[in-house]
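Following: one structure in structure tokens, then a few remarks.
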Amino acid sequence: MTGPDSGVPAPVDSPTPPHGTVRMRPTRPVEPPRELPEALAVRSEHLLEALPDPTYVVDIDLSTRPASSRVVWVSSSLAEMTGYSVAELRESAPRLVGTHGRDTSALREALAAGLPVSVVRSVPRRDGSSYRATVSFSPLGTGAGSSDRWLVTVRDATEELASAVLAEERAAAEERAQRGLSLVARVSDILADVDSATALTEIGALLVRRIVPWAAFYADGTQLQKVTDLAGISYHRRDLRRQARLRGDIPDPVVGLFLDTRMQTVVVDPREPAEEGTLTGELLALVAQDDTAPDDEPLWLLPVLGRKAVLAVLAVRPPDLGTDERALPAGELTTVLELVARRVGMAMDNLQLYDREHRLAETLQRAMLPEQSHVEGVDVWSYYAPSSEHAQVGGDWYDVLDMGEGRVGVVVGDVVGHDVEAAAAMGQLRSVVRAYAAEFVEPGKVLGRVDRLVASMRIARPASFVYATLHPRPGEEAWDVAYSRAGHLPIVQVSGGRATQLEGANGPLVGFGGRPRHTGHAVARPGDVLVFYTDGLVERRDRSMRDGVAALVSAAAKIDAPDAAGIGEELLQELADAPEDDIAVVVLRVPDPASDPTHTWSGPRERRWQMPMDPKTIARARHAVLRACEAWDIEDTAAAELVASEIVANAVMHGWGRVDLRLRDTGDGLRIEVEDANPSPPVVREGRVGRVGGFGLHIISRLAEWGWRPTPAGKVVWARVRAKEPWAQRPEEQEG
């Protein structure tokens, strides 16, 4: 029997081991061994000595309190492992069983039941160190007296436990990595919807749910602003480099972040006030206005990198790494945030690149299309709209030619395709047709010469078009119409409430003639309408081209608008609510002085015109307002003409792209809208004596209510001119 006075340090009980301290496995009860001969006992000792792990044999009597034990035998390998001698271990080895600790009761129960059991212990060495070991008890039967004999194996578990801890750390690291990857994957899913108006808000909310307490995106334009969608970046940003030079040594971390194209993390502390007028000060002020933002907590700022510039800033409030159990380690958190910022930056950059290509394509298309001007003697309205499914580049075109001596030429054509090559082919054809139209009078001869030239030019894209000329008959109130078609849809003529197709003079596509082209003839009388169009006006997936043309003929016969713009508006509303292809339309109407002033019209009271950035557009806008007011029986037009003239003049002077003029009768006034591609808002200047110009908006303010709104293509300036007297009731209101 040994005790605390043995002189050998006792093993120290370990805290709760990671894999449990007691392992019990059911076994069949061992019958007490019979008395063995001395020679056989010696052989058993040799067998025990040959075991791979250090062992000893002990008799344990559980009937006493505390349990008593006596060492029967100790292996030399246990002595080598601990540094103690065999004799010393005979005195101290039973202490490995332990008489106290969290697992003592479970150990006693296992020993009392005669079941194998294992515990994890910290085993001391003579040099004062210790090692972790798995101590296993295997029953050997009845020992001396009332004790039971047990074989105790002391196996070094240092590497095993270290491997278990390492495995747990690896599992935790894999779990964190999986969290980060799943978050980045979800960000990619959100960015897939580039048209979402809340994409960045959703990403910020996702970051808050997963890894940080707060997050938001900020972009710089004319001023710093919080952004929620990928398109929320201004194209006209401040010159931050110049601002940095002007401010000299005044620190501005946010400006540095925008000017540096490296991925980095900048820490800004709101408790340290930023200099007034700096971008850092603007950012902290915006964060302070956000009710969900943290109060006086440091912020991490990461650049949202595009290909060549920083497009925005991701601001986050990092978690408390010491108390937040879900928090990622600082390095992993930074990596995930950088991945998110990079993906958002690439999505923003791609959207901007697409938008720039979109604008470039539209500008190219518009540059190749003529801007239809006023033609003396006839009322002409033209319209072009690219397909929304393509990059606003196509092969549709129109041309209205004032050829002098009262002659008018109209061309509408369609090159196959929706790409730059189609637009280039269209531009070539337009130039060729214009050149031969000035040289030859008969449309059939013009098409014949175009055939020969196109064949030699080897234009890769097939094309169709129709060319018509109109000139007044001497001494009659009628016009001769001559036309020729190169595989194009027929002109629709409306005369006396009846619509027909001018189907003659048709031939193969341009460049495939090989034979003389023919010329068809018709007569247009006062009040008659000619509609030239491309297949985008009539073609649909759910109907054939023939049915589409029949629908156009039927719609044209019902229209009673007294002007070409009104006829065009009704055709578009009837046939082209959701166009599936490019649309080019030219409506030509011969005025009827006898019936137009008293004409009663029940159609939609809306008009639209597409005009060039040219001073002549101002006069054309006044003329458009006058014609619309005449069609709608609006007598007081002076204020409306002046307001439209001033708004269009501002667009021509300060805008770019094209001018879109839209008019709408609101019942109690006239709404005028003018759109151009300059996104900058109109500015009311302070009037000064002696200054030339700058009074347009003051005039508009006196005559109308006005305002503006941004659009994807630029801005719209609108004004509502109210009538001095009640305007004439609309026909549908009179009937009601």
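All values below come from the heavy atoms of this structure, side chains included, with hydrogens, waters and symmetry mates left out.
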**OP:** Could you please spell out the steps behind the side-chain contact (heavy atoms from CB on, under 4.5 Å) verdict for Val625 and Leu663?
**Re:** CA-CA 8 Å; Val625 171; Leu663 305 177; 3.9 Å; yes

**OP:** Evaluate side-chain contact (heavy atoms from CB on, under 4.5 Å) for Val590 paired with Arg525, printing each intermediate quantity in order.
**Re:** CA-CA 7 Å; Val590 180; Arg525 303 190 180 280; over 6 Å; no

Original post:
Run the side-chain contact (heavy atoms from CB on, under 4.5 Å) check on Trp479 and Leu588 step by step: do they pass?
Top reply: CA-CA 12 Å; Trp479 293 66; Leu588 186 148; over 6 Å; no

**OP:** Decide yes or no on side-chain contact (heavy atoms from CB on, under 4.5 Å) for Tyr533 and Val492, but give the supporting numbers first.
**Re:** CA-CA 9 Å; Tyr533 56 96; Val492 173; 3.9 Å; yes

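For the atom pair Arg664 CZ and Trp718 CH2, the distance stands at 10.5 Å (nearest 0.5 Å). Atom-to-atom distance recorded for Tyr483:OH and Glu503:CD is 8.5 Å, nearest 0.5 angstrom. If you take CD on Glu574 and CD on Glu569, they are separated by 13.0 Å, rounding to the nearest 0.5 Å. The OG atom of Ser680 lies 8.0 Å from the CH2 atom of Trp708; values are rounded to the nearest 0.5 Å. Distance check, rounded to the nearest 0.5 Å: CG of Leu575 to CD of Glu570 gives 11.0 Å. Here the CG atom belonging to Asp396 is positioned 6.0 Å from the OH atom belonging to Tyr384, to the nearest 0.5 angstrom.
Residue-environment remark: CD (Glu705) exceeds the threshold of 12 foreign heavy atoms within 6.0 Å. Environment of CE in Met653: sparse, with no more than 12 heavy atoms of neighbouring residues, nucleotides or ligands closer than 6.0 Å. Within 6.0 Å of NE2 in His518 there are 12 or fewer heavy atoms belonging to other residues, nucleotides or ligands.
Between Arg589 and Asp528, every side-chain heavy-atom pair lies at or beyond the 4.5 Å cut-off. Trp632 has its side chain within reach of Leu670: a pair of non-hydrogen atoms, C-beta onward, lies under 4.5 Å apart. Between Arg517 and Tyr467 there is no side-chain heavy-atom pair separated by less than 4.5 Å. Using a 4.5 Å cut-off on side-chain heavy atoms (C-beta onward), Val410 and Leu401 make no contact. Residues Gln493 and Gln501 fail the side-chain proximity criterion, which asks for heavy atoms closer than 4.5 Å. Inter-residue side-chain proximity for Asn650 and Pro682 is flagged as unmet; no heavy-atom pair is nearer than 4.5 Å. Counting heavy atoms from C-beta outward, Glu646 and Leu703 have side chains that stay 4.5 Å or more apart. Considering only heavy atoms from C-beta on, Asp399 stays 4.5 Å or farther from Val433 through its side chain.
In this structure, Thr711 contributes its side chain and Gly714 its backbone to a donor-acceptor pair below 3.5 Å.
The side chain to side chain donor-acceptor pair (under 3.5 Å) check on Arg720 picks up nothing, with sequence neighbours excluded. Scored by the salt bridge (Lys or Arg N to Asp or Glu O under 4.0 Å) test, Asp379 finds Arg627 as partners (sequence neighbours excluded).
Partner Glu673 forms a salt bridge (Lys or Arg N to Asp or Glu O under 4.0 Å) with one of Arg709, Lys715, Arg607 and no other, that one being Arg709.
Residues Arg608 and Glu675 are not paired through a salt bridge, judged by the lack of any N-O separation under 4.0 Å between the basic side chain and the carboxylate.
The two atoms that bring Gly444 and Thr519 nearest to each other are N-OG1, 2.8 Å, heavy atoms only. Contact record, Leu311 with Asp349: CD1-N, 3.6 Å, taken as the closest heavy-atom pair. Here the shortest heavy-atom pairing between Pro443 and Ala482 reads CG-O, 3.5 Å. Taking both residues in full, the closest heavy atoms of Gly406 and Pro472 are given as O-CD, 3.3 Å, listed atom of the first, atom of the second, then distance. Among all heavy-atom pairs drawn from Asp676 and Gly655, the shortest one is OD1-CA, 3.6 Å. Heavy-atom minimum distance, Leu502 versus Arg485: O-NE, 3.8 Å.
In this model, no donor atom of one side chain and acceptor atom of the other lie less than 3.5 Å apart for Arg671 and Thr666.
Using cut-offs of 30° and 60° on the angle between ring planes, the pair Phe440 and Tyr436 is tilted.
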